Structure formats: C-alpha cells, structure tokens
J.: 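Sending over a structure as structure tokens; questions will come in a sec.
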2 protein chains.
Amino acid sequence: MEREPRQLYEARAKVAKALAHPSRLLMLDALAEKEMCVCDLTDLVGADQSTVSKHLAVLKNAGIVADRKEGVMIYYRLKVGCLRGFWNCIEGVLKQNLKEQQAVMNNL
Amino acid sequence: MEREPRQLYEARAKVAKALAHPSRLLMLDALAEKEMCVCDLTDLVGADQSTVSKHLAVLKNAGIVADRKEGVMIYYRLKVGCLRGFWNCIEGVLKQNLKEQQAVMNNL
DNA sequence: CAATTCTATGGCATAATTGCCATATAGGCA
DNA sequence: TGCCTATATGGCAATTATGCCATAGAATTG
C-alpha cells in the first residue's frame, strides 16, 4: 500500500485550486457548451476584464482550458471532460447530506 | 440556456476549495481505503495534530468526509465516491497536455 | 480525583488569493 | 501612421488560507 508521492498531490491541488472560485466555475460551465472569447466571458461574469483575464490564466495554467487566437480576440475552450460528471456526483452527495441533516432535525 | 444560480457555483467552489490542499488530498486518498483516526492521519501527513484537525474540519464542513467517535478517538471516513474517477480523468488530461507540450518542443 | 491520551479551538504571524486600476501589447482599420 | 478594440500584466490593498503554539475538553485509567 505505497502512498503516491507528494508531487502528485500538489499537481492535483493545483487543479482543485483552479476550480475553487465561483466565477471560474461559472465560466467553465459556459465553456462546456461552446468556446467563448474573453469579452463574452467578461459579460457573463460581470467583473473587470482584467480580473476575468487573470481567472482564465489560472484555468489555462492548470491545464483545464486552452485558448486560440483569432484576429484580436482570444477564444477559450474547455479541455477537460470530467467536470460535468464530477459535479453531478458531488451534488448528489451534498443533497443526500441535506436530507440526513433534516432527518436528524426531525428527530428521526 | 439558462445559467444556474450563483449560489450553485459557490457551493461547488466550497467543495473545490476543500480539495485544494496537498495534505487534504493525501488524507482523502488514504481514507478511500479505510477509515482512520486523527492520530493515524497526523502520522500520515507529518504536520502538527492541530493542523490536521483543522484540515479535517474543512473536509467535514464541505461534506466530503464524516466522522465517528469511538472512545477517545475519532474516526474519519470518506463520504464521496467520485474522487478516484475524477483524478484519473484529470491526470489523463494533464498527461496528454505534457505530451503535446513535448511535441511542440521537438518542433513536431 | 489526578494523570494521561486524543482531539478541537483560539490566537497569531506569514503566505496566498482576489479584484480593481492603470498600463502595455497587439490586431484591425481608416 | 494614428486610433480603436480586445486582451494581458504590474501593482497594490483587502481578504482569506495556512501552520504552529498554547490550551481546552472529553474519555480512560489508576
């Protein structure tokens, strides 16, 4: 039962950190449908363009998205297909937690 | 194409934040095999016991682990089954990224 | 009860993240 | 060339995360 090297967990943590922000998760959800330029994503998120640009840099650096230049605009696209299923599973668990908590409240 | 409410992304971000630390990921990997007490996890991680306790509180608060008291000891167990598959997928993507980067380096 | 062990919490210093402003860079167009 | 648009980056202040120490609480044992 060898534990895997610390390096692996730092790599994973980098990905998890990139996911750990509501605006970035919102953008990823949008990018799951189609690629979008920074201007589109800026409208979507409703933050300063420089802020969105930095968020995208985080996602790109983590390997979660890729970009493509077309004229002046830069289009970002999702590179990872595991997110939808992952969040479905997580949300299932959290919903179950809620039910259990409510059951406790009701003295079940 | 309604976007889901901001609340959802904050809930997801909370889970992602809980995952965003190498020590916590190491513990989760260990807990995937069997439940462990705080003392076991403290040995595993090699940090101060109070630090490990706080990490566990983060995981518990995010709904990722649950605990059980037995005498003086508190056993933590994994509550979420999606992690193994998620990291497999992520690591597959990252490995692919590496290959592509190397190909670029070799002027393919 | 006293002593010991296991775990959680408060407090604090350090480090990392976040978001905006200002500015730089680059492409498109007159 | 000059101007406009789209994007990225530097810098800074405010917030949040991290980790250790000291300590508190709870169960066990003598």
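Residue numbers start from 1 in every chain, and the chains themselves are labelled A, B, ... in the order their sequence lines are given, proteins ahead of strands. Just so it is clear, the structure is predicted and the values come from calculations on it, not from any experiment.
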J.: Any chance you could lay out the side chain to side chain contact (heavy atoms under 4.5 Å, CB included) test for A:Val52 and A:Met27, step after step, and finish with the verdict?
T.: CA-CA 9 Å; A:Val52 172; A:Met27 292 194 284; 4.0 Å; yes

J.: Would the distance check show the side chain of A:Arg24 and the main-chain N or O of A:Ala18 forming a donor-acceptor pair, the cut-off being under 3.5 Å?
T.: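 It does hold such a pair.
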
J.: Which nucleotide in the set C:dT7, D:dC20, C:dT18 lies at the smallest distance from any side-chain heavy atom of A:Arg24?
T.: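 Output: C:dT18.
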
J.: Measure the distance from CG on A:Leu19 to P on C:dT18 and round it to the nearest whole Å.
T.: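 Roughly 12 Å, once rounded to whole Å.
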
J.: Would you mind telling me which residue lines up with the more 5' stretch of DNA chain C, B:Val38 or A:Val72, judged by nearest nucleotide?
T.: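 The residue mapped nearer the 5' terminus is B:Val38.
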
J.: Return the minimal non-hydrogen interatomic distance between A:Tyr9 and B:Pro22, and the atom names on each side.
T.: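 Closest heavy-atom pair between A:Tyr9 and B:Pro22: CB-O, 3.8 Å.
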
J.: Quick one: A:Met73 CE to C:dC29 C1', roughly how many Å, whole number?
T.: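 Atom-to-atom, A:Met73 to C:dC29, this comes out as 16 Å.
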
J.: Return no unless some side-chain N or O of A:Tyr76 is found under 4.0 Å from OP1 or OP2 of D:dA8.
T.: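 Affirmative; the distance criterion is met.
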
J.: Would you mind reading off the distance between B:Met27 atom CE and D:dT18 atom C1', rounded to a whole angstrom?
T.: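 Those two atoms, CE and C1', are 13 Å apart.
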
J.: Taking all non-hydrogen atoms of both residues, which atom of A:Leu19 and which atom of B:Phe86 are closest, and how far apart?
T.: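 For A:Leu19 and B:Phe86, the tightest heavy-atom pair comes out as CD1-CZ, 3.9 Å.
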
J.: Can you check whether any acceptor in the base of C:dA8 is under 3.5 Å from a donor in the side chain of B:Gln49, or vice versa?
T.: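 Yes, a donor-acceptor pair under 3.5 Å.
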
J.: Just the rounded figure in Å: distance from C1' of C:dG19 to CG of A:Leu56.
T.: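 My rounded result for the distance is 14 Å.
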
J.: Looking at D:dG11, does its base get a donor-acceptor pair with the side chain of A:Lys54 below 3.5 Å?
T.: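 Answer is yes: a donor-acceptor pair is held.
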
J.: Identify, between B:Ser50 and B:Val58, the residue whose nearest nucleotide on DNA chain D lies closer to the 5' end.
T.: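 The 5'-side residue here is B:Val58.
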
J.: Of the listed nucleotides (D:dC20, D:dA26, C:dC20), which one gets closest to any side-chain atom of B:Lys69?
T.: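 Nucleotide nearest to B:Lys69's side chain: D:dA26.
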
J.: Provide, to the nearest angstrom, the distance between the NE2 atom belonging to A:His21 and the P atom belonging to D:dT15.
T.: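 Value for this atom pair: 15 Å.
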
J.: Without decimals, in angstroms, what is the distance between B:Arg68 CZ and C:dC6 P?
T.: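 Going from B:Arg68 (CZ) to C:dC6 (P), I get 16 Å.
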
J.: So does A:Leu26 get a backbone contact from the side chain of B:Arg12, meaning a donor-acceptor N/O pair under 3.5 Å?
T.: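 Such a contact is absent between B:Arg12 side chain and A:Leu26 backbone.
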
J.: Provide, to the nearest angstrom, the distance between the CG atom belonging to B:Asn61 and the P atom belonging to C:dA8.
T.: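 B:Asn61 atom CG is separated from C:dA8 atom P by 13 Å.
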
J.: What's A:Tyr75 touching, base or sugar-phosphate or nothing? Going by heavy atoms closer than 4.0 Å.
T.: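 The residue A:Tyr75 makes no contact with any strand.
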
J.: Starting at NE2 of B:His55 and ending at C1' of D:dT18, how long is that distance when rounded to a whole Å?
T.: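 About 7 Å, once rounded to whole Å.
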
J.: Start at the 5' end of DNA chain C and walk down; is the nucleotide closest to B:Val52 or to A:Gly46 reached first?
T.: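 The residue whose closest nucleotide sits nearer the 5' end is B:Val52.
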
J.: Does OP1 or OP2 of C:dA8 have a side-chain N or O of B:Ser53 closer than 4.0 Å?
T.: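 Yes.
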
